[in-house]
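For reference, the structure is listed below as structure tokens.
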Amino acid sequence: MNFTRNDFPDGFLFGAATAAYQIEGHKFGGAGPTHWDTFAATPGNVVRAEDGALACDHYHRFGEDLDLLRDAGMDAYRFSTSWARVMPDGRTINPEGLDFYDRLVDAILERGLKPFQTLYHWELPSALADEGGWTNRDTCHAFADFTDVITDRIGDRVHAIATINEPWCVAFLSHFLGHHAPGLRDIRATARAMHHINLAHGMAMTRLRGKGMQNCGVVLNFDHTEPQDDSAGAARATATWDAIMNRWFVEAVTKGTYPAPALDGFAPHMPDGWQADMAEISQKIDFLGVNYYTRHKVTEDASAPWPHLASQEGPGAKTQMGWEIYPDGLRSFLTRLAADYVGDLPLYVTENGMAWDDRVENGAVADPERAQFISDHVTATRAAIDAGANVKGFFYWSLLDNYEWAFGYEKRFGMVHVDFETLKRIPKASYHAFKSAIAR
Ligand code: FCB
């Protein structure tokens, strides 16, 4: 890789990220059903209708997985705590679930890693989905209660807490595009979810502050968006897409407002009185997590209903997901966020990575494409620091091959290969290359 730890300021953290439903094995430990289980069980939603029932069996193998992080010389581990494991019906405590995260956090600390917790990485308890999930304001209150319960148990030991992972995916991808659970395609449901997920963040922040918690923030995803051509229509469409995808959440959280090109479309469908929530949503955070993967080109489709647009991948080389590899988009977002939204507030790259059709040959996985991808994105992060962005860490997505949502187990993002028959882990060449690059 074309970087070393010495290229970064003292205290810069290198780590890897995972999420509960994608690795743990949801059938263990008394976890309750989630909207992902039923989404996956519905024909046509998920490749081979796969779900997270077994996943990587991290529930039983977390020691081995955390050893991999330690042995790579990583500084930090980003993981999530499953709401449905801790509160199977979204409201009632499952002591086994709390015990699991208690053991997990201790095991992270024992290996000298900083625990970066995410409270919501998408496994909404089915009982709450039955009541409308994120279209229902009550879900925000239930989430705040979950925040209390899990924080009372492990909050004394985590280094940082993010409330929500990728609110755009929770709201727009899942309620407008229908690609993720609950698989709706409804603008009214979307507008409600777009607001309620921010409110859930705000209410959780209030509870965390009430307990004196520090290092609290949120993880947003950003998509580098450019017009397909230099027509006025493409410029309009790009502004709309940028507002829905990149500005809605960060503007709400840092300024307490919603960007006009997005609000114009959602306004008729927003929950009554949403304006009164903006103060709680925009209370001070301690860091912003940035997830970045790719670039899109946007065109106007005036004949379609709002948002009147179509988007496609950019022209460059693609990953196994079909996502264009565009490292400069990461530099661009980190500097834009610092300049326009967060100033000096610490930024972390909380996810960046690529899927590839990795093969095991003679007990090893050669993935030079991934090593190059990581090297280029870490270098782009360094360029953002040079341009004044206060970036404090980089987490690769993901430690392990895992359950890639609607793509099932087909897409491999890990630095560590997982055989989903035997559950054997094999560190890929990129793992070893990352380890050498970040060695002290
Ligand atoms: C992000 C998600 C993460 C993973 C990666 C590839 O949108 O946060 O769970 O699926 O994409």
Side-chain angles (χ1 to χ4, degrees), residues 15-24 26 34-36 39-40 45-47 50-52 55-56 58 77-84 116-124 162-181 197 201 217-224 244-246 249 288-296 313 318-326 329-330 333 348-358 367 369-370 373-374 377 394-416 418 430:
T18 65
Y21 190 82
Q22 294 178 272
I23 63 167
E24 286 177 359
H26 200 72
T34 83
H35 69 170
W36 265 96
F39 182 75
N45 285 339
V46 175
V47 171
E50 289 166 337
D51 60 25
C56 306
H58 178 75
Y77 174 45
R78 177 172 177 247
F79 65 105
S80 77
T81 44
S82 165
W83 187 355
F116 275 63
Q117 179 194 4
T118 301
L119 287 165
Y120 185 73
H121 203 127
W122 305 356
E123 60 290 287
L124 184 74
T163 53
I164 308 286
N165 179 70
E166 301 193 348
W168 179 86
C169 292
V170 175
F172 199 85
L173 187 68
S174 308
H175 295 80
F176 196 87
L177 300 176
H179 295 328
H180 278 187
I197 199 67
H201 157 78
V218 61
V219 169
L220 307 180
N221 56 314
F222 297 94
D223 184 60
H224 193 82
I244 295 171
M245 172 95 226
N246 299 320
F249 304 98
L288 179 66
V290 175
N291 292 359
Y292 173 77
Y293 288 94
T294 190
R295 161 170 82 164
H296 280 92
E313 291 295 326
K318 310 285 192 298
T319 71
Q320 189 195 19
M321 297 292 282
W323 296 352
E324 187 194 16
I325 301 171
Y326 189 68
L330 179 56
F333 269 117
Y348 290 91
V349 178
T350 34
E351 282 182 32
N352 170 250
M354 67 173 274
W356 199 249
D357 185 17
D358 302 308
D367 59 344
E369 300 82 4
R370 182 174 289 105
F373 182 101
I374 297 171
H377 286 82
F394 178 94
F395 292 81
Y396 179 73
W397 181 272
S398 182
L399 173 65
L400 304 170
D401 291 341
N402 60 43
Y403 180 64
E404 181 41 44
W405 306 114
F407 296 91
Y409 295 93
E410 195 176 81
K411 307 293 188 208
R412 295 183 173 275
F413 274 92
M415 267 185 186
V416 174
V418 177
S430 58

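One-based numbering, in listed order, for ligands and for the atoms of each. Every heavy atom of this structure was used, including side-chain atoms; hydrogens, water molecules and symmetry mates were not.
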- Item | Element-labelled atoms of ligand 1 that are located less than 4.0 Å from some non-hydrogen atom of Glu166 | 1 (C), 2 (C), 7 (O), 8 (O)

- Counting from 1, what ligand 1 atoms have a heavy atom of Phe413 closer than 4.0 Å? 6 (C)

- Task: Answer yes or no: does an N/O atom from Trp323 fall short of 3.5 Å to an N/O atom of ligand 1?
- Result: no

- Is Gln22 touching ligand 1 with its side chain, its backbone, both, or neither, if touching means heavy atoms under 4.0 Å apart? side chain

- Query: Which of these passes ring pair (Phe, Tyr, Trp, His ring centres under 6.0 Å) with His180: Tyr21, Trp168, Trp36?
  - Reply: Trp36

- Query: Are Asn165 and ligand 1 in contact, using a heavy-atom cut-off of under 4.0 Å?
  - Reply: yes

- Nearest to atom 10 (O) of ligand 1, what protein heavy atom do you find, and at what distance? Glu404 OE1, 2.7 Å

- Item | Under-4.0 Å salt bridge between Arg412 and Asp367 | no

- Nearest neighbour in protein (non-hydrogen) for atom 5 (C) of ligand 1: Tyr293 OH, 3.3 Å

- Message: Out of all atoms in ligand 1, which are within 4.0 Å of some heavy atom of His121? Include the element for each.
- Response: 2 (C), 3 (C), 8 (O), 9 (O)

- Nearest neighbour in protein (non-hydrogen) for atom 2 (C) of ligand 1: Glu351 OE1, 3.3 Å

- Query: Is the NZ or CZ atom of Arg295 both under 6.0 Å from the centre of the six-membered ring of Tyr326 and within 45° of that ring's axis?
  - Reply: yes

